[in-house]
Amino acid sequence: MTAAEPLHTQSAYLVEALKRVLKECGLTYADVASALGISHASVRRTFAQQSFTLARIDEICEIAGIDFLALARMADEMRPAMPATLTDAQEQALVDEPLALFCFHLALGGWTVERIEADYGIDQTQLIPALLKLERIGLIQLLPGNVIRLMTARSIGWRRGGPMRRFFDRRVKEEFLQYDFSTPGSIWEFEIGELSDASRALLERRLASLFREVRDLIARDAPLPPAVKTNVGLLIASTPIPLPMVARDVGSGSLGTERRAKRSSKD
């Protein structure tokens, strides 16, 4: 969607979906008016102005033989796909402006300006310029009343070798590994062993699928109230390691001491 294109609200897509359902069912506005016991002109005006109440939508859904949730899913499918990756310039702009990066992260999670202010004590004299920068680089729109509208998908995949991945490698990775993974709700697992190229490729596909699922869960839970959510970090790393590193660790541990003792007794 470009800046010149008209913006569609969620309700607009819902109305378009309702029109499609009526057309597919062979129902006209006159049919709807007759079933509801109101005038044809009233139905036309309601659709033109998109002035539906939830009760009225439920009534029309019943006429068309579709439930509201199915209609909502259809409306969601009609929305143009939002970008799930950023350009190099967009990523670099976030890296260059930490507050803008922080605000974008919160916006992806469904945070409002009011909640950011209340929870983090960031004054609007700092917050609004950061949000305006996000708007300038095409990641959000700041609507009247300081409402944040995302212009990207809620789950973003950071590009390998891009500015954000380099930023994570330089700053985030080391800090993340300093956390205490023995606390409740934490997971720490480590495995090492030999894998064939085919098995490594399979592992990579499964990890990629897991991260897609995690991003989908984050996007799904974004509208939930803060009281039922916890900020969670997930880091999965897999890389070829030299065997000497493993042998060195083993040699310096209890197993290495035991082996050296056995050699000494034989001598």
Side-chain angles (χ1 to χ4, degrees), residues 69 72-77 79-88 90-95 98 100-111 115 119 134 138-140 148 150-243 245-246 249:
L69 291 179
R73 284 194 294 269
M74 181 182 295
D76 189 58
E77 291 170 358
R79 299 176 63 181
M82 293 292 192
T85 57
L86 308 187
T87 66
D88 194 84
Q90 287 172 323
E91 287 195 16
Q92 189 60 56
L94 291 176
V95 171
L101 171 58
F102 181 64
C103 289
F104 182 56
H105 169 72
L106 296 180
L108 291 174
W111 284 54
R115 186 185 168 195
D119 284 24
L134 294 178
L139 301 185
I140 69 164
I148 300 172
L150 274 178
M151 299 304 291
T152 70
R154 286 202 178 274
S155 56
I156 298 295
W158 304 113
R159 296 173 297 107
R160 289 188 176 183
M164 284 302 298
R165 284 292 189 99
R166 294 196 299 270
F167 172 74
F168 286 149
D169 284 342
R170 187 175 67 250
R171 295 275 304 276
V172 179
K173 183 169 62 177
E174 182 177 352
E175 181 178 340
F176 182 80
L177 291 175
Q178 299 304 312
Y179 280 90
D180 181 6
F181 289 89
S182 65
T183 58
S186 297
I187 300 172
W188 172 263
E189 298 289 344
F190 181 72
E191 191 61 62
I192 189 169
E194 293 181 308
L195 291 178
S196 66
D197 289 345
S199 293
R200 287 175 56 194
L202 175 61
L203 178 63
E204 185 173 345
R205 290 195 299 272
R206 288 183 176 175
L207 292 180
S209 176
L210 174 61
F211 267 98
R212 284 194 298 271
E213 184 177 351
V214 170
R215 287 193 289 267
D216 288 344
L217 289 172
I218 293 171
R220 188 193 70 180
D221 289 355
L224 295 178
V228 303
K229 295 188 293 185
T230 300
N231 203 45
V232 173
L234 176 66
L235 171 67
I236 297 178
S238 173
T239 187
I241 61 173
L243 193 58
M245 183 188 79
V246 183
D249 291 341

Determine whether a donor-acceptor pair (N or O, by modelled atom type, separation under 3.5 Å) exists between the side chain of Arg115 and the backbone of Gly110.
no

Would the distance check show the side chain of Arg166 and the main-chain N or O of Gly161 forming a donor-acceptor pair, the cut-off being under 3.5 Å?
yes

Reported [atom1]-to-[atom2] distance for the pair [X] and [Y], which is rounded to 0.5 angstrom:
X	Y	atom1	atom2	value
Arg215	Leu234	CZ	CG	10.5 Å
Phe190	Ile192	CZ	CD1	4.5 Å
Glu189	Ile236	CD	CD1	11.5 Å
Leu86	Gln92	CG	CD	12.0 Å
Ile140	Leu134	CD1	CG	4.5 Å
Tyr179	Leu235	OH	CG	12.5 Å

Between Gln90 and Thr85, is the side chain to side chain contact (heavy atoms under 4.5 Å, CB included) condition met? List the steps.
CA-CA 10 Å; Gln90 287 172 323; Thr85 57; over 6 Å; no

Which pair of heavy atoms, one from Trp158 and one from Glu91, lies closest together, and at what distance?
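Shortest heavy-atom separation between Trp158 and Glu91 comes out as CE3-OE2, 3.7 Å.
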
Give me the atom names and distance for the closest heavy-atom approach of Ala153 to Leu108.
O-CD2, 3.5 Å

Side chains of [X] and [Y], heavy atoms from C-beta outward: is any pair under 4.5 Å?
X	Y	result
Asp221	Arg154	no
Ile218	Val232	no
Asp180	Ser186	no
Arg159	Met164	no

Name each donor-acceptor pair under 3.5 Å that joins a side chain in residues 199-206 to protein atoms two or more places apart or in another chain, with its distance.
unit_1, atom_1, unit_2, atom_2, d
Ser199, OG, Ser196, OG, 3.2

Under 30°, 30 to 60°, or over 60°: which ring-plane class applies to Phe176 and Phe181, parallel, tilted or perpendicular?
perpendicular

Check this for me: Leu177, atom CG, are more than 12 non-hydrogen atoms of other residues, nucleotides or ligands nearer than 6.0 Å?
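Counting other residues, nucleotides and ligands, CG of Leu177 exceeds 12 neighbours.
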
Steps toward side chain to side chain contact (heavy atoms under 4.5 Å, CB included) verdict (Phe104, Ile148):
CA-CA 10 Å; Phe104 182 56; Ile148 300 172; over 6 Å; no

List in chain and number order the residues that pass salt bridge (Lys or Arg N to Asp or Glu O under 4.0 Å) with Arg171, two or more places apart in sequence or in another chain; answer none if no residue qualifies.
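With neighbours one apart ignored, the set is empty.
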
